[in-house]
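Counting from 1, the numbers follow the sequence of the chain as shown. Remember, it's 1-based here, ligands and their atoms both numbered in the order they're listed.
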Amino acid sequence: MQAVRLTEWGREPALAEVERPVPRGSEVLVRVEAAGLCQSDVHVVDAAEGALPYRPPFTLGHEVAGRVAALGPDADTDTDTGTGGTAPGERVVIYGPWGCGNCTRCAAGRDNYCDHRGDLGWHGAGLGRDGGMAEYLLVPSARHLVPIGDLPATQAAPLSDAGLTSYHALAGVRHALGEGSAALVIGVGGLGHLAVQMVRATTPGRVLAVDIREEAVDLALRSGAHLGVPMGADTARVLRAETGGVGVDAVLDFVGNEATFALAVQLLRPGGELAVVGSGGGRLTVRKPGFLPAGFRLSLPFWGTRPELAEVIALARAGSLHVETEQFPLSAAPEAFGRLRRGQVRGRAVLLPD
Ligand code: FEH
Ligand code: ZN
Ligand code: ZN
């Protein structure tokens, strides 16, 4: 089968012919219908040897949807439990952050915070283990599969990472977004445009959005933001005015650099919540006494949980989420990587097996 492989550190990923896997034990083989391309894939490809605990060669792709093609002899086929169990032909999205499968976190579907994630040598599909930028994906257990019904795979795949990561970040700050509140979304790309929709769909809060790119500000407004503002010298004043001078109750920062941290701290109300999702490498000095808002809370959420993925899919199936995608054939993966590197992808890039 065709697969986009990272063969060694420092080398660009390339399409290669590899054996189609055969499921054993509790494994499930999924025929891939769509695989999203994430900024983290670029970080993996660009990583220096030793920077990540992964050992190439492996297939990339950690946001994947498709159809169950075959099951190992011990795979869970009980589809009535709602927490796993599958059958041949079922259309599914794959929960990507595979953990050890034995700790209490993994048992609760919180593999993203697996107690042993530092010892595994991988972080999941396409992250040190063979992923879904391929015709088939071998999944360790049916517990990592979430049924998608008639949701298109090109919508479902990005929801397993871009969608789930945004949803999990919002879950940590949602308590601050009651009546009369305001949320600020910084960075309206593949994750941010979904976060705008999720805030609108699951809270009464007003949504303000900021990005350096005018087309991203437009995407924010199309996604339901009440106000979209280009990042500039006047941004903080314009945003504060929009909140009647009090500031925002929560910031979801999908960039995470010095400028966005400064903007967040300038705009957060006392008791405000800052969730940093973007890996922009920014630093924030936390000191008392200091200049952060009283009651300031910071979170660094990572990906999300399996139960949350089922909630994201339910929102999408109810028509509350739409993923902006740019689709590429699997064979054009190198072009898609290049476009993502240059910031030239509108929404999320999705690869489709040829
Ligand atoms: C995956 C693995 C490591 C770092 C970041 C990520 C994200 O893309 C998951 O959403
Ligand atoms: Zn990712
Ligand atoms: Zn675990």
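When ring centroids are compared, Y113 and H168 come within the 6.0 Å threshold. When ring centroids are compared, Y54 and H123 come within the 6.0 Å threshold. In this structure, the ring of W98 has its center no less than 6.0 angstrom from the ring center of H62.
The pair R348-E326 fails the salt-bridge criterion, with no side-chain N (NZ, NE, NH1 or NH2) lying under 4.0 Å from an Asp/Glu carboxylate O. Look at R117 and D111 and you find no salt bridge, because none of the NZ, NE, NH1 or NH2 atoms lies under 4.0 Å from a carboxylate O. Taking the charged nitrogens against the carboxylate oxygens, R213 and D218 have no contact shorter than 4.0 Å, which rules out a salt bridge.
Side chains of H175 and E273: a donor on one and an acceptor on the other come within 3.5 Å.
Here the angle at the Zn ion (ligand 2) defined by OD2 in D161 and NE2 in H62 stands at 90°, rounded to 10 degrees. An angle of 110° is found at the Zn ion (ligand 3) between C100 atom SG and C103 atom SG, rounded to 10°.
With a cut-off of 2.8 Å, the Zn ion (ligand 3) has no N, O or S atom of H116 in range.
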Show the short N or O contacts, below 3.5 Å, that ligand 1 makes with protein N or O atoms; if there are none, say 'none'.
unit_1, atom_1, unit_2, atom_2, d
ligand 1, 8 (O), S40, OG, 2.6
ligand 1, 8 (O), H62, NE2, 3.3
ligand 1, 10 (O), D161, OD1, 2.3
ligand 1, 10 (O), T165, OG1, 3.2

